[in-house]
A.B. asks: 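Here you go, one structure.
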Amino acid sequence: MSKRAFVTGITGQDGSYLAELLLGKGYEVHGLIRRASTFNTARLEHLYVDPHSADARLFLHYGDLSDGTRLVTLLAEVAPHEVYNLAAQSHVRVSFDEPEHTADITGTGTVRMLEAVRLAGIETRFCQASSSELYGSTPPPQSETTPFHPRSPYAAAKAYGYWITRNYREAYGPFAVNGIMFNHESPRRGETFVSRKITRAVAAIRAGREEFVYMGNLDAIRDWGYAPEYVEGMWRMLQADEPDDYVLATGTGITVREFLEISFGHADLDWENHVKFDDRYLRPTEVATLIGDPTKAREKLGWQATVDGRALARLMVNADIEALEHASTPWIDEVRLDSWPTPTTHGTAPL
């Protein structure tokens, strides 16, 4: 029998890439999705297989990290060999506006998942998607031993998720790991995140559809990598002999200003002619510099990032230009969006 994986946040950037990776390795993949009145599965559309087919290996289940009882039921039914907890309210700036919701989903949601694994009585390996925002104002380079100093409600919630994962590992003995992932982006990144906001603006300005993009802090330095490589890192963590925590990063950083310059320059545009400042995009507490030290992941997992922030900017600009020219995003075939099957009565939606 093939391995089974359970993925929360499967409809997001990382979830879709992880689903691709696991399906490519022969897994049966189960994903948690929130009930909505509109389709929110666009990033998975290319993985669609008719549920009547014997080849179907991707299944979606309604549920939410706020509903612990549902999580226990699902995990008991699926009995996955691996669990990847990627779901979160993951926008740092929004977490200042919605601190309670962020704490409930990003923080307490993690302990609900861990408790669901425990109460379901299953043997599984658990990966918590953690964040470089844990380090906050702690000087770089940041490794697994660097002290945390969260600077946002999101970061504080992720810190709880990190420590409760370690606590469950020490208290109950499950194979549970934290992947402390530095910024990782792709053409599937949400449009409100700064990297994608920039590259979409470049495509629109190049096409004459927009003139300006409004930005906040341009001096922040981030260690940007490529999302598909980072989900492979998470998978490698769960294949190790012993559970441990790992930083995933490129080891190099660039400023937001440099990302702008590279992105606009790649489209033969001068960014200074098209970027305006808007203080609404500033955070109440800023994080100046995040640059990770991925030595441990390289030495113990054989994992190493190959795409840095400069290459990533060009890759994303190319994708957004192509998407605009074809009037759709790179991963959505819009004519098929109404082909998704109706969920079954017990809440499971095979693709």
Side-chain angles (χ1 to χ4, degrees), residues 1-12 14-15 18-19 22 27-35 59-90 100-131 134 144 148 154-181 231 233-246 301 346-348:
M1 293 182 63
S2 61
K3 279 188 175 182
R4 290 181 304 281
F6 188 87
V7 182
T8 72
I10 196 169
T11 59
D14 291 2
L18 181 60
L22 296 174
Y27 281 64
E28 178 180 297
V29 178
H30 295 256
L32 187 73
I33 63 169
R34 289 172 294 173
R35 177 72 178 94
F59 305 91
L60 301 182
H61 307 264
Y62 286 136
D64 195 282
L65 290 193
S66 64
D67 186 351
T69 302
R70 176 63 174 154
L71 297 176
V72 175
T73 301
L74 280 175
L75 289 173
E77 287 180 1
V78 175
H81 301 90
E82 297 172 5
V83 173
Y84 298 84
N85 186 36
L86 311 184
Q89 190 301 101
S90 58
E100 184 177 347
H101 173 68
T102 301
D104 184 40
I105 300 303
T106 307
T108 310
T110 304
V111 76
R112 290 192 189 103
M113 282 297 300
L114 288 162
E115 188 70 351
V117 168
R118 189 177 74 86
L119 294 177
I122 59 174
E123 280 198 30
T124 190
R125 296 190 169 198
F126 181 92
C127 180
Q128 165 67 6
S130 199
S131 169
L134 294 172
E144 294 83 2
F148 298 153
Y154 168 76
K158 279 293 187 182
Y160 176 79
Y162 172 91
W163 285 113
I164 200 65
T165 299
R166 288 192 59 164
N167 177 257
Y168 266 65
R169 183 170 74 210
E170 295 166 3
Y172 302 113
F175 193 108
V177 306
N178 285 288
I180 308 174
M181 294 182 288
V231 299
M234 286 191 286
W235 175 79
R236 288 188 181 219
M237 292 177 201
L238 294 193
Q239 314 314 307
D241 292 334
E242 300 293 334
D244 207 344
D245 307 317
Y246 297 90
L301 302 178
H346 58 81
T348 303

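The analysis underlying the following values was restricted to heavy atoms, covering all of them including side chains, and did not include hydrogens, waters or symmetry mates.
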A.B. asks: Do you know the tightest heavy-atom contact between R125 and A240?
C.D. replies: NH1-O, 2.9 Å
A.B. asks: How many angstroms lie between OG1 in T11 and CG in L32, if you round to the nearest 0.5 Å?
C.D. replies: 9.0 Å
A.B. asks: Going through the checks in order, is the side-chain contact (heavy atoms from CB on, under 4.5 Å) test met by L65 and M113?
C.D. replies: CA-CA 7 Å; L65 290 193; M113 282 297 300; 3.6 Å; yes
A.B. asks: If we only count heavy atoms from C-beta on, is the E77 to F6 side-chain gap below 4.5 Å?
C.D. replies: no
A.B. asks: Mind checking what makes side-chain hydrogen bond (donor to acceptor under 3.5 Å, both in side chains) contact with E115, not counting sequence neighbours?
C.D. replies: R118, Y168
A.B. asks: Could you check whether atom CD of E242 has more than 12 heavy atoms from other residues, nucleotides or ligands sitting under 6.0 Å from it?
C.D. replies: no
A.B. asks: Counting C-beta onward and ignoring hydrogens, is there a side-chain heavy-atom pair between R112 and D104 closer than 4.5 Å?
C.D. replies: yes
A.B. asks: To the nearest 0.5 Å, what is the distance between CD1 on I180 and CD on Q128?
C.D. replies: 10.5 Å
A.B. asks: Which value, rounded to the nearest 0.5 Å, describes the distance between T106 atom OG1 and K158 atom NZ?
C.D. replies: 6.0 Å
A.B. asks: For the pair H30 and H61, name the ring-plane relationship: parallel under 30°, tilted 30 to 60°, perpendicular over 60°.
C.D. replies: parallel
A.B. asks: Could you check whether R34 pairs with D67 (Lys NZ or Arg NE/NH1/NH2 to Asp/Glu carboxylate O, under 4.0 Å)?
C.D. replies: no
A.B. asks: Would you say that N167 contacts L114 through its side chain, given a criterion of any heavy-atom pair below 4.5 Å between the two side chains?
C.D. replies: no
A.B. asks: Working to the nearest 0.5 angstrom, can you tell me the gap between T165 OG1 and E170 CD?
C.D. replies: 11.0 Å
A.B. asks: Ignoring hydrogens and angles, tell me if any N or O in the side chain of T102 forms a donor-acceptor pair with the backbone of Y154 under 3.5 Å.
C.D. replies: no
A.B. asks: Yes or no on side-chain contact (heavy atoms from CB on, under 4.5 Å) for T8 and V83, after CA distance, side-chain angles and deciding distance?
C.D. replies: CA-CA 8 Å; T8 72; V83 173; 5.6 Å; no
A.B. asks: Is the shortest heavy-atom distance from the side chain of I33 to the side chain of Y62 under 4.5 Å?
C.D. replies: yes
A.B. asks: Can you give me the closest heavy-atom contact between R236 and L301, atom names plus distance?
C.D. replies: NH1-O, 2.9 Å
A.B. asks: Closest approach of L75 and A120, non-hydrogen atoms and distance?
C.D. replies: CB-CB, 4.1 Å
A.B. asks: Evaluate the side-chain proximity of E28 to H81: yes if any heavy-atom separation is below 4.5 Å, no if none is.
C.D. replies: no
A.B. asks: Considering only heavy atoms from C-beta outward, does the side chain of W235 approach that of E82 to under 4.5 Å?
C.D. replies: yes
A.B. asks: Minimum heavy-atom separation for G9 to A87, with atom names?
C.D. replies: N-CB, 3.6 Å
A.B. asks: If you measure from OG on S66 to CG on L71, what distance do you get to the nearest 0.5 Å?
C.D. replies: 8.5 Å
A.B. asks: Do the side chain of K3 and the main chain of P80 share a donor and acceptor less than 3.5 angstrom apart?
C.D. replies: no
A.B. asks: Answer yes or no: are there more than 12 heavy-atom neighbours, outside E123 itself, under 6.0 Å from its atom CD?
C.D. replies: no
A.B. asks: Yes or no on side-chain contact (heavy atoms from CB on, under 4.5 Å) for L86 and M234, after CA distance, side-chain angles and deciding distance?
C.D. replies: CA-CA 10 Å; L86 311 184; M234 286 191 286; 3.7 Å; yes
A.B. asks: Begin with the C-alpha distance, continue with both residues' side-chain angles, and end with the deciding distance and a verdict on side-chain contact (heavy atoms from CB on, under 4.5 Å) for L22 and V231.
C.D. replies: CA-CA 10 Å; L22 296 174; V231 299; over 6 Å; no
A.B. asks: How close do A157 and A103 get, heavy atom to heavy atom, and via which atoms?
C.D. replies: CB-CA, 4.2 Å
A.B. asks: Please name all residues satisfying side-chain hydrogen bond (donor to acceptor under 3.5 Å, both in side chains) with R169, sequence neighbours left out, ordered by chain then number.
C.D. replies: D245
A.B. asks: Tell me, do T110 and Y160 make a side-chain contact under 4.5 Å, heavy atoms counted?
C.D. replies: no
A.B. asks: Could you report the tightest heavy-atom contact between G161 and I164, atom names first, then the distance?
C.D. replies: O-CG2, 3.4 Å
A.B. asks: Quick check: do I10 and L18 have side-chain heavy atoms less than 4.5 Å from each other?
C.D. replies: no
A.B. asks: Nearest 0.5 angstrom please: C127 SG to F175 CZ, how far?
C.D. replies: 9.5 Å
